[in-house]
2 protein chains.
Amino acid sequence: MQIVDNQVSEDGEAPLSDRIVRAISDAIISGDLPGGARLRESELASRFGVSRAPLREALRLLEERRLIERLPYSGVRVIQLTLKMVADLYEIRAALEAIACQRAAQRITPDDIAALEAMLAAEGEQIDGIERDRQRRLSPIRDFHTRLAEIAGNDELLRLLSRDLWRHARSYYHSAWKTLSERSRAAHFEHVAILEALKHRDGELAALLMRRHIDHSRTILERHIAEQDKNPAPAGAEKSE
Amino acid sequence: MQIVDNQVSEDGEAPLSDRIVRAISDAIISGDLPGGARLRESELASRFGVSRAPLREALRLLEERRLIERLPYSGVRVIQLTLKMVADLYEIRAALEAIACQRAAQRITPDDIAALEAMLAAEGEQIDGIERDRQRRLSPIRDFHTRLAEIAGNDELLRLLSRDLWRHARSYYHSAWKTLSERSRAAHFEHVAILEALKHRDGELAALLMRRHIDHSRTILERHIAEQDKNPAPAGAEKSE
DNA sequence: TGATAGTCGATTGCATGCAAATTGTCGACA
DNA sequence: TGTCGACAATTTGCATGCAATCGACTATCA
């Protein structure tokens, strides 16, 4: 439970409590602060080298983001993601990104298309080099979805899709099983198909493909967890309580 | 700018900062704190009779809910809703409530149907008595949508659809124009049609109707605002800057 | 022996106080 | 006269300190 070098040193400019939010948020999503862990304010304060005042502001914000839960007079607890919760989130995300596709098809420019193609090209190359560490492989995928939301031009939508809770669900998704390779490859081709639809400004098709793309991921996750429950933890599942 | 009797006295139990959140949130949505207004912490603290510590926690939370904006070292400002923002929110809500319909169709019980029918009956009666004050007429509508989200069984979805920002957008919508009567009547029949589809467990139809229902509201809002911009404020528009 | 009430420690919740930053104003100078 | 710069008042940001509350341990009684 020792986190060194998380001394809230990201930006030297932003308000302290905002930096604390970032630090704790990253710690939760990365798994350094495991789900269900009870946190004491004074402990966190000393860990991050700040006083309790900005820390409490940060905790209130993180509670609203649903990364932690507050237990009145009992501190806070890192939220414990469940399969149902992640599945619910994916269901919502499918609908939201379908909107993004629909709108993006109307507003996309040739430059946008070129940028997205470059992203997918990089994604395809990285999948070939599967031996790379997982994090690097994920980033372009996230960028593809995020870029689409930006193109859509609905600021509220972009904001919703940028929520940390989805990053968290995503990490749950990926830590759930190791054999990502075949799913990554399929996902890549789904991305390509979506972009192809966007190129033809076929918003309806793009939205449909996107909805299926995300629903597909969710289905696979649910099926995988169900199987995992039968064969409980063959190797070491990194579910440190 | 005098708010009396908002002394944060709702519950005597909940943590103080939570009650402050409620109080400020209500003040913003009701319009007592108009959009764009700059708020000073000490002023708010004395207004609500609390110290700045819990107040600041509340402000951080309200910022995350996007009811206020923080200007570092310059205090906070009540968010100014724009037509585009409200339209964007309605677009998102249409998609989310369509999901709710789809899922509700699979899970709805006879009791649920009876409860929803009762709501719509009350709604229909209230529309006949248009002379009633506006707030009372709105509540059952909101309940219909909320109840549907509950039936859907997706907790994240329910949470999203319960956000204060949507209540705020709704108040913008209704303060935008006075002649609600014909729209209310149409909306009521749209609700009836949605429920009818749900009774037949036709999720696809219910979702479609719901999407149109909300898109319709949005379209009317946009058209109305456009007209209003031509004939600037015939009566006194309650846009107190 | 089991259950219950009381007490103590620890932790959160809130108030106060001081330092850092910003905004507005005033004055000097081109 | 207009603009730039410095200063001061105000406000936010953060740290510290005290009170309220919860949980656990112990002791007492049935």
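Letters go in sequence order (proteins before strands), and every chain restarts at 1. Computed over heavy atoms, backbone and side chain alike; hydrogens, waters and symmetry mates excluded.
- Aromatic ring orientation, His145(B) versus His191(B): perpendicular (interplanar angle above 60°, classes split at 30° and 60°).
- When distances run from any side-chain atom of Glu41(B) to the nucleotides dT12(D), dA15(C), dC14(D), the shortest one goes to dT12(D).
- The side chain of Arg52(B) places no N or O atom within less than 4.0 Å of a non-bridging phosphate oxygen (OP1 or OP2) of dT12(D).
- Side-chain atoms of Ser42(A) and Arg52(A) form no donor-acceptor pair, as typed in the model, at a separation below 3.5 Å.
- The separation between Leu16(B) atom CG and dT21(D) atom P is 12 Å, rounded to whole Å.
- Glu222(B) and Ala87(B) get closest at one heavy-atom pair: OE2-CB, 3.3 Å.
- Taking atom OH of residue Tyr73(B) and atom P of nucleotide dT12(D), one finds them 12 Å apart after rounding to whole Å.
- Straight-line distance from the CG atom of Leu55(B) to the P atom of dA15(C): 10 Å, rounded to whole Å.
- The base of dG13(D) has none of its N or O atoms less than 3.5 Å from a complementary donor or acceptor on the side chain of Arg70(B).
- Following rounding to the nearest Å, Glu57(B) (CD) and dG13(C) (C1') show an atom-to-atom distance of 8 Å.
- What separates CZ of Arg56(B) from P of dC14(D) is a distance of 7 Å, to the nearest Å.
- Mapped onto DNA chain C by nearest heavy atom, Val76(A) and Pro54(B) fall at different nucleotides, with Val76(A) at the one closer to the 5' end.
- Atom CZ in Phe48(B) sits about 15 Å away from atom P in dC14(C), given to the nearest Å.
- Rounded to an integer number of Å, the gap from Arg60(A) CZ to dC14(C) C1' is 11 Å.
- The phosphate of dT23(C) (OP1 or OP2) has a side-chain N or O of Ser74(B) nearer than 4.0 angstrom.
- Atom CG in Leu59(A) sits about 14 Å away from atom P in dC14(C), given to the nearest Å.
- Here the options are Leu33(B), Leu59(B), Val76(B), Ile28(B), the test is side chain to side chain contact (heavy atoms under 4.5 Å, CB included), and the partner is Leu67(B); only Ile28(B) passes.
- Using a 4.0 Å cut-off between a side-chain N of Lys or Arg and a carboxylate O of Asp or Glu, Arg147(B) and Asp112(B) qualify as a salt bridge.
- In this structure, the nucleotide among dC14(D), dT12(C), dT11(D) sitting nearest to the side chain of Arg40(B) is dT11(D).
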